[in-house]
Amino acid sequence: MPELPEAERARQILESVLGRRVTAVDDADDYVCRPHQRGEIRSALLGHEFVRAGRRGKFLWLDTADGPTLGLHLGMAGRIALDSDAERPHWDRFAIDFADGTRFALRDKRRLGRAVLNPDISHVGPDAADITRADFRERVGRGAAPVKARLLDQKALAGVGNLLADEALWRARVAPARATGELSEQELDRLRRELRAAMRDAIRDGGVHTGLLIVDRGRGQRCPRCSAALERERIGGRTTFWCPRCQPEAPV
DNA sequence: AGGTCTGTTCAGCT
DNA sequence: TAGCTGAACAGACC
């Protein structure tokens, strides 16, 4: 499931197509490719070349030098596939061919990924990988929402998904249902530090699924630190796992 | 074979 | 306004 680490990996792959002329665009899937006008993305991009691959949170984009920007989102199951990938493109929802024969595709079984022109991400918060300590305290440490719900709010900070939120809260020993406004500065700083460390590890190890709390996600899982039986509950609308012993409900 | 679960974003509600 | 719920999709799993 793509979260910030997977999106960053995708951005790195997109960097490999910079500086090549676009010769073909497949934007036929008018659910994934927005807006709906058939061929609009295609005609906007043909003949251009991309000069920069950007990312904020899970939002990706490719800038052309003087033309439009292509926005990409992986949704819940998407990834960026290069033509060299062995898997056949059964689920390519959007694809670009370049003059040198290179091709990349948004490969997405669920069709919840998106390809758009000139994306507006002004509502999206700062990237979770480089949010400052002060900014984190400000954006996460206020209000009455459960801290887990706030971590998932892309307007507050961008890039944290369900699995990464659980992993970071567990590493920081903060219970997911704690109200944001009741977290101490020490807890907020610890949460930010552990969130960043969890993202670093995930980028290095191949994705959010490699997290300690995540690998054996399922019923009957025990805390990797203290072996207590994990709790499972719906918090912030999402399935949440946490350790009742390591992550107490009261401030620490 | 049918029902449930999944995980991200957005619209719509309180 | 802040926070919650459900819809969108379609494959994986039981």
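These values consider heavy atoms only, across backbone and side chains, with no hydrogens, waters or symmetry-generated copies. Numbers restart at 1 for each chain; the letters A, B, ... are given by sequence-line order, proteins then strands.
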Within the structure shown, what part of the strands sits under 4.0 Å from A:R114 by heavy-atom distance: base, sugar-phosphate, or nothing?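 No contact.
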When you check the phosphate oxygens OP1 and OP2 of [N], does a side-chain N or O of [X] lie under 4.0 Å from one of them?
X	N	answer
A:H73	B:dT8	no
A:K109	C:dC9	no
A:R238	B:dT8	yes
A:T239	B:dT6	yes
A:H123	B:dT9	no
A:Q154	B:dT8	no

- Query: Hey, which of A:R193, A:R190, A:E194 is the one that makes side chain to side chain contact (heavy atoms under 4.5 Å, CB included) with A:R171?
  - Reply: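 By the side chain to side chain contact (heavy atoms under 4.5 Å, CB included) criterion, A:R171 pairs with just one of A:R193, A:R190, A:E194: A:E194.
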Evaluate the side-chain proximity of [Y] to [X]: yes if any heavy-atom separation is below 4.5 Å, no if none is.
X	Y	answer
A:R139	A:P126	yes
A:I80	A:L74	yes
A:L183	A:V174	yes

Exercise. In whole angstrom, give me the gap between the P atoms of B:dA1 and C:dC9.
Key: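 The same atom, P, in both gives a distance of 24 Å.
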Write down the distance separating the P atoms in C:dG6 and B:dT4, rounded off to the nearest Å.
15 Å
Q) Looking at B:dT8, C:dG11, C:dC9, which one has an atom nearest to any side-chain atom of A:W91? A)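 Among B:dT8, C:dG11, C:dC9, the one nearest the side chain of A:W91 is C:dG11.
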*DNA chain B contacts among residues 141-150 of chain A, heavy-atom distance under 4.0 Å*: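 Heavy-atom contacts with DNA chain B come from no residue of residues 141-150 of chain A; none.
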